[in-house]
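Step one of this worksheet: look at the structure below.
Every chain is numbered from 1, with letters handed out A, B, ... down the list of sequences. No hydrogens, no waters, no symmetry mates; every other heavy atom, side chains included, goes into these values.
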Amino acid sequence: MNIENNEVKSLNFIEEIIEHDNETGKHNKRVLTRFPPEPNGFLHIGHAKSICLNFGLGKKYSGATNLRFDDTNPTTEKVDYVNSIQNDVRWLGFEWDGEVKYASDYFENLYTCAQTLIKKGLAYVDFSSPDDIAKQKGTPTQAGTGNAYRETSAEENLSLFEKMRKGEFKDGECVLRAKIDMASPNMLLRDPVIYRIKRAHHHRTGDNWCIYPMYDFAHPISDALEGITHSICTLEFEPHRPFYEWLLAELGLYNSQQIEFARLNLTYTVMSKRKMLKLVEKQLVNSWDDPRMPTISGMRRRGYTAKAIRDFAVAVGISKRESMLDVSLLEHFIREDLNKISKRVMAVIDPIKVVISNYETGKTELLPAENNPEDSNAGHRELSFSNTIFIEREDFNENPPKGYFKLTPNGYVRLKHAYIIKCEELIKDENGNLVEIRASYVENSKSGSDTSGLKVKGVIHWVDANNYHPVQINWYDRLLTIENAADIPEDEEFTDYINPNSLKTITAWGEKSLADAKAGEHFQFMRKGYFCVDTESAAAAPIFNLTVELKDSWAKELKKQS
RNA sequence: AGCCUGAUGAUGUAAUGGUAACAUAACAGUCUUUGAAGCUGUGUUUGUAGGUUCAAAUCCUGCUCGGGCUACCA
């Protein structure tokens, strides 16, 4: 062990379980986890946490991780989702063990397991209506009551179940139920449905089946068949665990263990597939990969890197306590990564023209600019400079508040990578609006060879008005106006809380080099924020998605003053 | 109401009976040709009441509060 790095990272509770199992030899020191998405939507940042957990555990304990699609409900599942999910897992930097697995691979095994249960007198075919089944279940405080179908013989049930498979009954006419305990304090043990009839085309098995297993039945068996040692899922499956264990024990299958942890919640967004689907269907966002979405594909398009997401997942930790993570933590990790890797460029978003009267008209100078002060290998580029430039409107203030140190009347400011200029004169229109600033430049103040001796505190970005590239910007803001979507009253819709300013499209004035920006490339627009070239933008006309703004302590100061 | 489950600063996570740590956020300062980044510093006595112990965030008991469970979804 490295002496300087003797920091012992404490184990999370799942790692403790695994290490304990390794000590007792429960699974012969083998670790095999799985990530089991249902292909009925796109993966989101919460899934990313689960992916990092499962694949991370596989890696850490020299084991492996399966990718298994939980495709037991053909009515909601699509092959498009299967593809996007695989793509997202790989993009995050993980590789599953062997072939992709599907619960549907095990439909035949699952059928046999159901027969075994029937033979043991532990499952029966029930022709009651869904309503009746619900009623017979009782309530949490009232025991349920069984019905006559509970008493059907095993032989009869076996034949009935076969008829279900053969399609001799209509959809919904009957179901196969596990026979456990109608009086159990755990509602999920009151004879749960394990097979239903559903004539729907399955994306993999086509029309081979008209009966499909329920999650509660398919999942434990799939885990056991694959020899999954630790089956990690979210808290809401906790009450399902007794059934998981009951099933594997009755079937005599591998002792996979279900472990639950708290799902991730993030402020100012929604994380349920149902709600995300609604956003897409109601066109409140443009697509599943809209950069405002908390989907992995949306975040990728927004400019998030896999590393930032992985770092975030680690920092968030694993526990059984329900939590609400502040997006600022996510933003911290993307800033941290982008700060190191992104090329600095200049772009003026809200321009005001500055004419430098003592700089020769028609002259153009090329000034060297480092691409990334954090990366000495990033090299330099050349910026063109002339007597007319654009600066940010907010970088000039005629009546500066206390502490303001950008351009003011008769004040000085440094143009990044260029000269110091002095504001000489203001040109206004008939309504008194500022339309142009006349300035002078300090000749011997060029960046890198400044002999002026002037101490100028303010440094601003700018763009040559005679040589620029117009760029389109998608300026994103948080999706919701409310921090916690769970706080929305029940009689209101979360869609009423969508931030009307979550997307603003802006045309900005960028430096010439931006014409060559490639899709997916990351930039820091100096003093503004990090941007990523949208994958849908045309080659010659890059569209820049705002990933995250740079921190702005001056803006904070201004807020305090007002 | 019955069952399950959780409670540590603003937000997360750690401390596994030995005197509360780390990250983010906030605030203050420093540095700075990005008011960015960096660097330094500041705040928690662990939901509550009691008990065990030389010693409790950790163990025990009661209470309070939060979340989940009554889909032919996963």
Side-chain angles (χ1 to χ4, degrees), chain A residues 7 9-12 16 36-38 40 70-73 75-77 126 129-130 133-135 137-144 171-177 184-190 192-198 211-212 214-216 218-219 233-242 260 262 264 267 273-274 312 314-326 328-333 335-336 339-340 344 346 373-374 403-406 414-418 420 445 447-448 450 456-461 486 524-530 549-557:
Chain A
E7 197 181 323
K9 240 195 120 198
S10 54
L11 303 177
N12 64 49
E16 278 175 2
E38 183 190 11
N40 68 344
D70 238 323
D71 55 351
T72 56
N73 185 5
T75 52
T76 56
E77 296 155 5
D126 191 332
S129 69
I133 289 179
K135 268 182 217 143
K137 268 198 181 158
T139 68
T141 46
Q142 262 180 337
D171 280 18
E173 193 174 341
C174 59
V175 292
L176 183 70
R177 288 226 260 170
S184 170
N186 183 344
M187 299 295 293
L188 294 159
L189 257 26
R190 321 249 260 227
V193 172
I194 56 179
Y195 260 96
R196 75 283 214 194
I197 303 172
K198 201 174 245 202
I211 57 172
Y212 291 95
M214 300 288 288
Y215 164 87
D216 278 324
H219 204 84
C233 60
T234 45
L235 247 33
E236 69 267 30
F237 290 101
E238 207 151 21
H240 297 241
R241 193 183 341 125
E260 312 84 15
L264 173 72
T267 53
K273 280 190 199 166
R274 208 200 97 246
F312 171 73
V314 170
V316 155
I318 301 298
S319 74
K320 300 193 70 143
R321 182 181 165 188
E322 317 234 351
S323 58
M324 174 61 70
L325 259 291
D326 201 314
S328 63
L329 187 63
L330 224 201
E331 292 175 343
H332 162 74
F333 285 107
R335 285 194 187 103
E336 185 177 72
N339 176 48
K340 296 212 172 68
R344 270 61 169 173
M346 296 200 284
E374 302 283 329
Y404 188 87
F405 54 77
K406 287 164 287 191
R414 155 78 65 186
L415 298 176
K416 180 72 184 173
H417 299 309
I420 292 171
S445 68
S447 282
D450 183 356
V456 176
K457 181 134 183 159
V459 180
I460 63 173
H461 60 283
Q524 184 197 93
F525 287 8
M526 295 193 88
R527 306 208 307 128
K528 281 289 154 190
Y530 292 102
E549 285 182 75
L550 246 34
K551 285 208 221 166
D552 187 348
S553 61
W554 171 245
K556 228 183 271 176
E557 173 65 28

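Atom name C1', nucleotides B:rU33 and B:rC27: the rounded distance is 27 Å, in whole Å. The same atom, C1', is picked in B:rU11 and in B:rA25; the two are 7 Å apart, to the nearest Å. Taking atom P on both nucleotides, B:rU48 is separated from B:rU64 by 15 Å, rounded to a whole Å. For B:rC59 and B:rU53, the C1' atoms lie 10 Å apart once the distance is rounded to whole Å. Comparing the same atom, P, in B:rG17 and in B:rA57 gives a spacing of 13 Å after rounding to whole Å. Remark: the separation of the P atoms in B:rU61 and B:rG66 is 23 Å, to the nearest Å. Atom name P, nucleotides B:rG6 and B:rG62: the rounded distance is 16 Å, in whole Å. B:rA26 sits 41 Å from B:rA1 when the P atoms are compared, rounded to a whole Å.
For B:rU19, there is no paired base (Watson-Crick or G-U wobble, both distances below 3.5 Å). Across all strands shown, the partner of B:rG66 is B:rU5, judged by Watson-Crick or G-U wobble contacts whose two distances both fall under 3.5 Å. Base pairing of B:rU45: no nucleotide in any strand meets the Watson-Crick or G-U wobble criterion (both distances under 3.5 Å). Remark: B:rU24 base-pairs with B:rA10. Criterion, Watson-Crick or G-U wobble with two distances under 3.5 Å. The nucleotide B:rU33 finds no pairing partner, because no Watson-Crick or G-U wobble arrangement with both distances shorter than 3.5 Å includes it.
In this structure, the separation between NE2 on A:H240 and CG on A:D216 is 5.0 Å, given to the nearest 0.5 Å. Between the CG atom in A:L550 and the CE atom in A:M526 there is a gap of 9.0 Å [rounded to 0.5 Å].
Using a 30° and 60° split on the angle between ring planes, A:F237 and A:Y215 fall in the tilted class, from 30° to 60°.
A cation-pi contact, defined as under 6.0 Å to the ring centre and within 45° of the axis, is absent between A:K198 and A:Y212.
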### Message
For A:K406 and A:W554: C-alpha separation, side-chain torsions, deciding distance, then whether side-chain contact (heavy atoms from CB on, under 4.5 Å) applies.
### Response
CA-CA 11 Å; A:K406 287 164 287 191; A:W554 171 245; 3.4 Å; yes

### Task
For A:L264 and A:L325, run side-chain contact (heavy atoms from CB on, under 4.5 Å): C-alpha distance rounded to whole Å, both residues' side-chain angles, the deciding distance at 0.1 Å, then the answer.
CA-CA 7 Å; A:L264 173 72; A:L325 259 291; 3.8 Å; yes

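Heavy atoms of A:F237 sit under 4.0 angstrom from at least one base atom. When heavy atoms are screened at a 4.0 angstrom cut-off, A:T72 is found touching the sugar-phosphate backbone but no base atom. Within 4.0 Å of A:H461, counting heavy atoms only, lies no atom of the nucleic acid at all. Contact annotation for A:I420: no contact, since no heavy-atom pair falls under 4.0 Å across all strands.
With hydrogens and angles left out, the side chain of A:S319 and the base of B:rU13 share no donor-acceptor pair within 3.5 Å.
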Give me the distances for all protein-to-nucleotides 67-71 of chain B N/O pairs that come in under 3.5 Å?
| residue | atom | partner | partner atom | Å |
| --- | --- | --- | --- | --- |
| B:rG67 | O2' | A:E322 | OE1 | 3.3 |
| B:rG67 | O2' | A:E322 | OE2 | 2.7 |

Set out, line by line, the N/O atom pairs under 3.5 Å between protein and nucleotides 34-38 of chain B.
| residue | atom | partner | partner atom | Å |
| --- | --- | --- | --- | --- |
| B:rU34 | O2 | A:Q524 | OE1 | 2.9 |
| B:rU34 | O2 | A:R527 | N | 3.0 |
| B:rU34 | N3 | A:Q524 | OE1 | 2.6 |
| B:rU34 | O4 | A:R344 | NE | 2.5 |
| B:rU34 | O4 | A:R344 | NH2 | 2.9 |
| B:rG35 | OP1 | A:R527 | NH1 | 2.7 |
| B:rG35 | O3' | A:S553 | OG | 3.2 |
| B:rG35 | O2' | A:S553 | N | 3.4 |
| B:rG35 | O2' | A:S553 | OG | 3.2 |
| B:rG35 | O2' | A:W554 | N | 3.4 |
| B:rG35 | O6 | A:F405 | N | 2.8 |
| B:rG35 | N1 | A:G403 | O | 2.9 |
| B:rG35 | N2 | A:G403 | O | 3.4 |
| B:rA36 | OP1 | A:S553 | OG | 3.1 |
| B:rA37 | OP1 | A:K551 | NZ | 3.4 |
| B:rA37 | O2' | A:N339 | ND2 | 2.8 |

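The side chain of A:T141 has B:rG2 as its nearest neighbour among B:rC27, B:rG2, B:rA14.
A:P239 is not listed as a side-chain neighbour of A:M187, based on a closest heavy-atom distance of 4.5 Å or more. Side-chain contact check for A:K551 versus A:H332: every heavy-atom pair is 4.5 Å or farther apart.
Computed from coordinates, the A:M324 CE to B:rU13 P distance equals 13 Å when rounded to whole Å. Residue A:H417 contributes atom NE2, which lies 13 Å from atom P of B:rU33 at whole-angstrom precision. When the P atom of B:rC72 is taken as reference, atom NZ of A:K198 falls 10 Å away, rounded to whole Å. Between the CG atom of A:L325 and the P atom of B:rA23 there is a distance of 17 Å, rounded to whole Å. Atom CG of A:L329 and atom P of B:rU11 are 14 Å apart (whole Å). To the nearest angstrom, C1' of B:rC72 lies 17 Å from OH of A:Y215. The distance from atom CG of A:D326 to atom P of B:rU13 is 13 Å, rounded to the nearest whole Å. Per the geometry, CG belonging to A:D216 stands 8 Å off P belonging to B:rA74, to the nearest Å.
Position along RNA chain B of the nearest nucleotide to A:R241 versus A:A418 favours A:R241 as the more 5'-ward residue. Taking for each of A:A315 and A:V456 the nucleotide of RNA chain B with the nearest heavy atom, the 5'-most of the two is the partner of A:A315.
Between the side chain of A:Q142 and the backbone N or O of A:G138, no donor-acceptor pair lies under 3.5 Å. Checked by atom type and distance alone, the side chain of A:R335 never pairs as donor or acceptor with a backbone atom of A:Y530 at under 3.5 Å.
For the 3.5 Å distance criterion, the side chains of A:S184 and A:N186 fail to qualify, holding no donor opposite an acceptor.
Contact annotation: A:T76 does not reach the phosphate of B:rC73 (side-chain N/O to OP1 or OP2, under 4.0 Å). In this structure, A:R190 does not reach the B:rG2 phosphate: none of its side-chain N or O atoms is under 4.0 Å from OP1 or OP2.
For A:D126, the salt bridge (charged side-chain N to carboxylate O under 4.0 Å, His left out) criterion is met by A:R177, not counting sequence neighbours.
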